Amino acid sequence: MCPLGGWGLRAVFLSLLSCQGSGEEAFEVNIWSEEVAVEPGGSWTINCSTSCVQPSTGGLETSLTKNLLKEQTQWKLYLVSNASQDTTVHCYFTCADKQQAKWLNISVFHPPKQVLLKLQPSWVAVGRPFTMECTVPAVAPLSSLTLSLLRGEEILHNQTFQETAADPQNVTVTHNTTAHREDGHHNFSCQAELDLRPLRRDVIRSVSSPQTLEVYEIIQDNQMVIIITVVSVLLFLFVTSVLLCFAFGQHWRQQRTGAYGVQAAWRSLRRPYRAQPATF
Ligand SMILES: *[C@@H]1O[C@H](CO)[C@@H](O)[C@H](O)[C@H]1NC(C)=O
Ligand SMILES: *[C@@H]1O[C@H](CO)[C@@H](O)[C@H](O)[C@H]1NC(C)=O
Ligand SMILES: *[C@@H]1O[C@H](CO)[C@@H](O)[C@H](O)[C@H]1NC(C)=O
Ligand SMILES: *[C@@H]1O[C@H](CO)[C@@H](O)[C@H](O)[C@H]1NC(C)=O
Ligand SMILES: *[C@@H]1O[C@H](CO)[C@@H](O)[C@H](O)[C@H]1NC(C)=O
Ligand SMILES: *[C@@H]1O[C@H](CO)[C@@H](O)[C@H](O)[C@H]1NC(C)=O
Ligand SMILES: *[C@@H]1O[C@H](CO)[C@@H](O)[C@H](O)[C@H]1NC(C)=O
């Protein structure tokens, strides 16, 4: 009896110990957020919960604006808002004088709202270089951004960024290329893609307005020679005709003044003859 009773007591004691032990360890805290990436000014819900049956205190610790929407003993649901930069939110509960906490990182992204493409120069000869310059103001995070420069549907250049700064940045990509004869029939564009899939969001795409390139052919050397010859001949003919006009004009005037000369001579000849009979 005695050893059996001893066994029973020991078992009870052991089970009490382990029960007490598991009672201390078993309490957990969880944080669940509707979003882990938000736009500045957005609002979303965060559920802060625990497995502790009777927590003494608990809640959400954050620098963001928070409003308690609903609560029960084991969870609290908040509406948080006004995030302007990446931040960490903490959820904590105290159970039997022990505190546990969990935290969650919230990223703030700035979608590419504006994509601007410039072709320089926009009037270019076949085979000559031109520059595509794409600018996206105030975009973040750059590590999720890809800028693609396109001719029609064809990607001419892709650019990704290593930058880890969380602040929105103005980004510019330039790409030098040469003009093809058929480029005049294509639209050039720039596409910005913010891939937020790792942050439980979609890919956000934005495309610039289409830009066109005026492509012209450079006149070839032999064509140039023909043009110069034709222009020279025309110039020669023009100058010659002007000179001929001038010469004819002079000649005509001389003929007319010559006629007057004859009349004058006739008159001066007739005067002495008319005077002569008077003297006779
Ligand atoms: C909050 O989370 C707890 C634990 O997951 C869950 O039981 C509760 O229903 C949630 N509350 C809301 C409002 O979603
Ligand atoms: C939002 O955050 C800014 C600073 O980031 C603060 O000045 C402003 O008071 C906050 N607005 C609200 C409604 O909490
Ligand atoms: C959360 O942010 C902190 C500091 O901002 C960083 O050290 C940590 O690695 C981040 N954790 C995750 C899971 O992204
Ligand atoms: C360029 O980026 C786009 C979009 O991210 C991708 O679909 C494409 O495969 C990339 N092309 C090249 C040549 O890297
Ligand atoms: C980004 O560009 C805007 C104008 O588009 C300018 O006002 C701003 O200062 C620029 N920001 C940076 C960080 O260069
Ligand atoms: C493109 O060409 C211009 C000169 O035409 C040069 O200043 C610039 O550095 C070049 N850019 C690249 C990305 O090669
Ligand atoms: C180029 O863009 C203009 C304006 O959006 C459009 O009318 C035209 O059809 C486009 N041309 C081609 C070849 O895609």
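These numbers were taken from a predicted model, which means no experiment stands behind them. All values below were derived from every heavy atom in this structure, side-chain atoms included, with hydrogens, water molecules and symmetry-related copies excluded. Each ligand, and each atom within it, is numbered from 1 in the order the structure gives.
Looking only at side-chain heavy atoms (C-beta outward), Phe27 and Cys95 come within less than 4.5 Å of each other. A 4.5 Å side-chain heavy-atom check between Asp195 and Thr146 finds every atom pair outside the cut-off.
Here Arg181 pairs with Glu217 in a salt bridge; the nearest charged N to carboxylate O distance falls below 4.0 Å.
Applying the under-4.5 Å side-chain rule to Ile, Leu, Val, Met, Phe, Trp and Tyr, the cluster around Leu79 extends to Leu69, Trp75, Leu77.
Within the 3.5 Å criterion, the main-chain N or O of Gly58 finds a donor-acceptor partner in the side chain of Lys76. Using a distance-only test at 3.5 Å, with no hydrogens or angles considered, no donor-acceptor pair links the side chain of Thr87 to the main chain of Ile106.
Using cut-offs of 30° and 60° for the angle between ring planes, the Phe188 and Phe130 rings count as perpendicular.
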List below, pair by pair, the N or O atoms of ligand 6 and of the protein that are less than 3.5 Å apart, including the distance to 0.1 Å; reply 'none' if no pair qualifies.
| residue | atom | partner | partner atom | Å |
| --- | --- | --- | --- | --- |
| ligand 6 | 2 (O) | Asn176 | OD1 | 3.4 |
| ligand 6 | 2 (O) | Asn176 | ND2 | 2.4 |
| ligand 6 | 11 (N) | Asn176 | ND2 | 3.0 |
| ligand 6 | 14 (O) | Asn176 | ND2 | 3.1 |

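Here Gln191 has no heavy atoms under 4.0 Å from ligand 4, in either its backbone or its side chain.
When only interatomic distances are considered, the shortest N/O to N/O separation between Glu193 and ligand 4 falls below 3.5 Å.
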